Structures are given as structure tokens and as C-alpha cells.
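Some notes on the structure that comes next.
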Amino acid sequence: MSEKRIAIAGGGPSGLACAYTLARQGKEPFLVEKEDQVGGLCRTINFHGYLFDIGGHRFFSKNAEILELWRHVMGNDMLHVERKSKIYYRKRFFNYPLSFFNVFKNLGLWESFRCVLSFILNKYFRKRDESTLEGWITKQFGERLFWIFFKSYSEKLWGKSCENISSDWAEQRIRGLSLRVAIRDMLSGNRKNAPTTLVRQFLYPRTGPGEFYERLKKNSAERGATITTGRRVVRIRHDGARIVSVVAGDPRSRSGEEDIPVEYLFSSLPLPDLIKMLDPLPSSKDVLVAARGLRFRSILIVNIILDRKDLFPDQWIYVHSPEVKLGRIQNYKNWSPAMTLDPNKTSLGLEYFCDEGDWFWRMNDVDLINFAINEAEKIGITSRRHLIDGFVVRNAYAYPVYNLDYKKHVAVIREYLSGFSNFQTMGRSGLFQYDNSDHALYQGICAARNFLGHAKCDLWNLDSNRMYLES
Ligand SMILES: Cc1cc2nc3c(=O)[nH]c(=O)nc-3n(C[C@H](O)[C@H](O)[C@H](O)COP(=O)(O)OP(=O)(O)OC[C@H]3O[C@@H](n4cnc5c(N)ncnc54)[C@H](O)[C@@H]3O)c2cc1C
């Protein structure tokens with residue numbers, strides 16, 4: 001292929017939204033996705049007719065353009081779902097969003113009193129280092145509530161102490177929530193101004209989020225985009241000022257590599273991977289050090305099908321109890337009945353957080369299913385004798401880790417990448433921002449508009465306050 005192409009690396013929400021926007025403007029972008037399916041973290045996996053997300057994916061946005069895009073692409077195939085979720089902690093289930101009487105009943109009079117006392121002490125009399133996750137949450141809610149509702153889950157998620165995580169994550173995730181507001185809303189039942197993390201109702205495609213992305217792919221292809229799956233970007237050639245070509249190959253071997261000359265490159269590849277793929281590598285040691293300093297937390301999901309009609313009414317349960325490694329449980333028939341082939345069965349996603357290559361990541365799938373079933377039995381969710389089948393999904397780049405120095409590393413890379421005149425990076429991993437799919441979609445649209453000359457958006461600083469966030 002000698003013709004220069006507009007290339008897009010990655011077929012997740014940002015890559016597809018970019019392809020879709022370009023194709024609607026008469027361009028013919030060429031998208032390369034390493035998986036066999038598009039959708040990235042938002043794809044839906046079909047296992048013997050049962051449908052599974054990579055963790056449940058709510059569709060919720062405050063961005064009118066994204067809401068219109070979902071409506072336009074999905075038509076009547078979008079469900080309006082009432083959120084039902086709980087927190088499991090020390091053998092008790094707390095409604096989440098929290099309800100006053102439920103919390104009071106579960107904690108008891110004495111513990112509730114201690115929580116309020118600890119809140120007053122921390123809020124008004126103690127100094128905390130609010131640049132860390134621990135300091136920020138303790139200041140907002142007090143030590144005891146931090147231990148009960150934040151510490152164990154956050155430490156499972158990040159794999160490190162909350163003292164070593166930047167408070168940026170909490171500020172994004174639970175922005176606007178304070179104990180005073182929470183108690184006021186718990187008592188009044190007011191959800192109107194609930195912080196974005198607690199949204200009560202969301203949209204969900206009838207057959208899972210992947211359906212939306214498959215339609216986006218089809219729509220883009222019909223207008224001239226080429227969407228190639230099962231091909232991995234392995235190298236990005238440049239001359240220091242411009243990207244010259246992209247080398248794509250088989251994700252499982254080095255055979256069949258193809259050098260695609262590019263006019264322009266949009267990338268949603270994880271930021272550190274992008275740097276490592278540059279050919280030649282950046283001559284500045286600082287850029288390489290910065291790339292090495294950015295880490296992702298991985299997700300490993302044990303998906304199982306059970307011979308049980310009804311297990312629990314929630315879409316998901318957060319598992320805070322430290323005695324199990326399990327982080328969250330998804331119950332897909334409660335997202336949409338169409339996710340479960342047989343209504344007399346239940347399909348669950350048991351979510352674990354780990355690091356790529358650690359002992360858990362490397363465990364074989366049969367042992368992982370056994371491990372997960374043991375934990376589900378331990379907390380009383382189900383029993384091994386109901387297990388029909390299961391499979392495991394791993395994703396190495398699930399969560400950009402907000403270490404205390406991550407901003408410094410991102411700034412170095414950002415500065416370096418600004419030297420390329422025909423390149424934009426976008427998306428959750430591409431910008432190293434803990435954002436949801438509505439945000440990634442919008443970044444893809446804005447990147448395309450920048451290229452077309454229809455906008456001048458700074459993708460690194462799109463207004464995330466208009467979006468919603470959740471782990
Ligand atoms: C467990 C979990 C639950 C979530 N829940 C929600 C939710 O409820 N609602 C919501 O809106 N958002 C949710 N999110 C966030 C959402 O998944 C992301 O915001 C969104 O997927 C980001 O889109 P993206 O295009 O930036 O990246 P991704 O979805 O990561 O897509 C990047 C794509 O690039 C591909 N790629 C990577 N390397 C290469 C390569 N070398 N060559 C070619 N292709 C490559 C990947 O395979 C992938 O398809 C959740 C995320 C997680 C982890």
C-alpha cells in the first residue's frame with residue numbers, strides 16, 4: 001500500500017467515534033484494532049449465547065451530543081435501567097447509594113455514633129494531607145467511614161495503600177459528595193443533585209454496550225472507513241516532526257507485518273506503549289523515564305453461568321470485605337434480560353483487580369474459576385453445585401494509576417508529542433485519564449474535528465465536569 005492514509009490506532013470508543021466523525025465528512029480513515037472485535041473495554045463478549053461486558057458498562061452522559069449519538073445509533077434498542085447496587089462489607093449488604101436507615105441498621109447505634117464523631121474531628125479539628133486519596137477522603141468523611149466504605153475497596157482496586165494514590169481520582173469519582181450532603185439526601189430521598197457517581201438511572205443497549213460499537217463500526221464502514229480487526233500496531237515510524245508510517249501485524253506473531261504510510265495518525269493506544277512503539281525511540285531520556293513511570297491496573301473477570309433463576313436483584317455488588325480478593329460482582333440479567341440466553345439461569349461477572357503478569361494474572365483459567373467460586377461461596381452469593389460453565393477475560397489496561405507523580409510524567413510526554421504536526425493521542429489510556437466512555441467518545445469526535453479544521457479542542461483538557469465517572 002503506497003497511498004497515504006488517515007490512520008486510527010485502536011477501535012475502542014474514542015477510535016470508533018473518530019472514524020465515524022471522519023467518515024461522515026467524506027474522509028476514508030483506516031482503523032487498526034488488535035482484538036477480533038471492536039469496542040475496546042466497552043465490547044460485549046458472546047459466550048454460548050450468554051452476553052458479558054468487560055465489567056458492566058452504564059451509558060450515562062451530561063453531554064447532549066453524546067446522548068444524541070446514542071439515540072441516533074441505537075434507536076429503540078436502548079433500555080432505561082433503574083440502578084440497583086450494594087456494598088458487601090463484613091457479612092452485611094449496604095444499599096448503595098447509601099440509605100440512612102439501612103446504614104444505621106447495619107452499623108448499629110454505637111458504630112454510627114463513632115462515625116459521626118470521627119467525621120466532626122477530622123472535618124474541623126485535624127489536619128490531613130489532602131493530596132493523597134486517604135487524606136482527602138478522611139477529611140471529607142472521617143476516619144471510620146473511610147475504613148468502612150473506601151479503604152478496602154480502593155486498596156483492592158489500586159493494589160496499594162490509599163496514602164500512595166493521588167486524591168485526583170477521588171475528586172473525579174466522588175466529586176460533590178460529602179457526609180453532610182449524603183445524610184441530607186439519604187433523609188430526604190433527594191437524588192436530583194446527586195453527585196455524578198451515584199446516578200440513579202442509566203441507559204443500556206438491550207444486548208450490551210458492544211452492540212453500540214458494532215453499529216458505529218458498520219455505519220463508518222458504509223461511509224468509506226476501513227475497520228481492520230485482529231491486527232496490532234507494532235511500530236510507529238517518524239522523522240522527528242511527522243509520523244511517517246504505522247507498522248501493523250498479527251497480534252500473536254511477528255509475521256505478515258505491513259507498513260502503512262500515513263498522512264495523519266490518531267492514537268488511542270496506552271500512552272507508555274505508544275512511546276515504546278516509536279521508531280526511532282525518543283532521544284530524550286526524560287520521555288522514556290516518564291513512559292516507564294506510568295502504570296495501569298489490570299482487570300481479570302471470571303465470568304460464570306449458574307443454574308439459578310434469581311440470585312439477587314442488583315446489577316452489581318461492590319465487595320469491600322478484605323477477607324476476599326473479589327472486587328465486584330456483575331449480574332447481567334439485571335442489566336438487560338437479553339444478556340442471559342435462558343431466563344432460568346444467571347450469568348455473573350466476578351471482577352478482580354491485579355497487575356499484568358502477577359501471580360493472579362498468570363493463574364490458569366480452571367484454577368481461577370475455582371478460586372472465584374470459592375470466594376462467591378464464602379460470601380454467600382452462590383454455591384459450586386450450580387456452576388454450569390465459565391471463562392476468564394483479562395485486560396491489562398483497565399485503570400490508569402494516579403500515582404502521586406503521574407501528572408509530572410504525563411506532562412513530559414505531552415510536551416514531547418506536541419512536536420508531531422500530524423498526530424493526536426486520545427482516549428482513556430491514550431491521555432492517561434480516568435474517564436468514562438462518553439468522555440472517550442467525545443475525545444474521538446473532537447480529535448476528528450481538530451483534524452478537519454472544524455474545532456480547536458485541547459483533548460488533554462476537555463471539560464470533564466460535564467461527564468460522569470465511576471470505577
Ligand atoms: C471495569 C470497567 C468498567 C467501566 N464501566 C464504565 C461504565 O459503566 N460506563 C462508562 O461509560 N465507562 C465505563 N468504563 C470506562 C470505559 O470502558 C472507557 O472509558 C472506554 O472504554 C475508553 O475508550 P477508549 O477508546 O479510550 O479505550 P479502550 O476502550 O481501551 O480502547 C482502546 C482500543 O485500542 C486497542 N489497542 C490497544 N493497543 C493496540 C495496538 N497496539 N494495536 C491496535 N489496537 C490496540 C484495544 O484493543 C482497544 O480496543 C469502565 C471501565 C472499566 C475498566
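Every number for a ligand or one of its atoms is a count from 1 in the order of the listing. Model, not experiment: these values are computed from the prediction.
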Looking at ligand 1, would [X] count as a contact under a 4.0 Å heavy-atom criterion?
X      : answer
Cys42  : yes
Gly430 : no
Met426 : no

Ring centroids only, cut at 6.0 angstrom: are Phe94 and Tyr96 within range, meaning strictly under it?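 Ring centroids of Phe94 and Tyr96 are no less than 6.0 Å from each other.
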If only side-chain N and O atoms count, and only distance matters, is there a donor-acceptor pair under 3.5 Å linking [Y] with [X]?
X      : Y      : result
Tyr332 : Asn303 : no
Tyr352 : Glu375 : yes
Asn450 : Gln424 : yes
Tyr50  : Asp389 : no
Asp355 : Ser298 : no

Is the NZ or CZ atom of Lys325 positioned over Phe360's six-membered ring, under 6.0 angstrom from the centre and within 45° of the axis?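 Positive - Lys325 is close enough to the ring of Phe360 and near enough to its axis.
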Cation-pi between Arg242 and Phe423: NZ/CZ under 6.0 Å from ring centre and within 45° of the ring axis?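 No, a cation-pi geometry is absent between Arg242 and Phe423.
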Give the atoms of ligand 1, by number and element, whose distance to some non-hydrogen atom of [X] is under 4.0 Å.
X      : value
Ile299 : 1 (C)
Ala398 : 53 (C)
Gly40  : 29 (O), 31 (O), 48 (C), 49 (O)
Gly427 : 26 (O)
Glu35  : 47 (O)
Val32  : 43 (C), 44 (N)

Between [X] and ligand 1, find which residue part has any heavy-atom pair under 4.0 Å and reply side chain, backbone, both or neither.
X      : result
Asp435 : backbone
Tyr399 : side chain
Met277 : side chain
Ile54  : backbone
Leu269 : side chain
Ser14  : both

Is [X] close to ligand 1, meaning an N/O of one under 3.5 Å from an N/O of the other?
X      : answer
Val233 : yes
Leu41  : yes
Asn436 : yes

When you measure from atom 23 (O) of ligand 1 to each heavy atom in Gly12, Gly10, Pro13, Cys18, which option holds the nearest one?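 Among Gly12, Gly10, Pro13, Cys18, the closest heavy atom to atom 23 (O) of ligand 1 comes from Pro13.
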Nearest-option assignment for atom 43 (C) of ligand 1, heavy atoms, candidates Gln37, Arg328, Lys34: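 Checking each option, the heavy atom nearest atom 43 (C) of ligand 1 is found in Lys34.
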Steps toward salt bridge (Lys or Arg N to Asp or Glu O under 4.0 Å) verdict (Arg215, Asp77): CA-CA 12 Å; Arg215 291 191 191 185; Asp77 290 330; 2.6 Å; yes
Listed by chain and number, what are the salt bridge (Lys or Arg N to Asp or Glu O under 4.0 Å) partners of Asp365, not counting sequence neighbours?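 Listed in chain order: Arg394.
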Can you sort out the partners of Glu222 under salt bridge (Lys or Arg N to Asp or Glu O under 4.0 Å), two or more places apart, ordered by chain and number?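 Checked Glu222 against salt bridge (Lys or Arg N to Asp or Glu O under 4.0 Å); matches are Lys218.
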Does the ring pair (Phe, Tyr, Trp, His ring centres under 6.0 Å) test come out yes or no for Phe59 and Phe202, once each step is laid out? CA-CA 6 Å; Phe59 281 43; Phe202 55 88; 9.2 Å; no
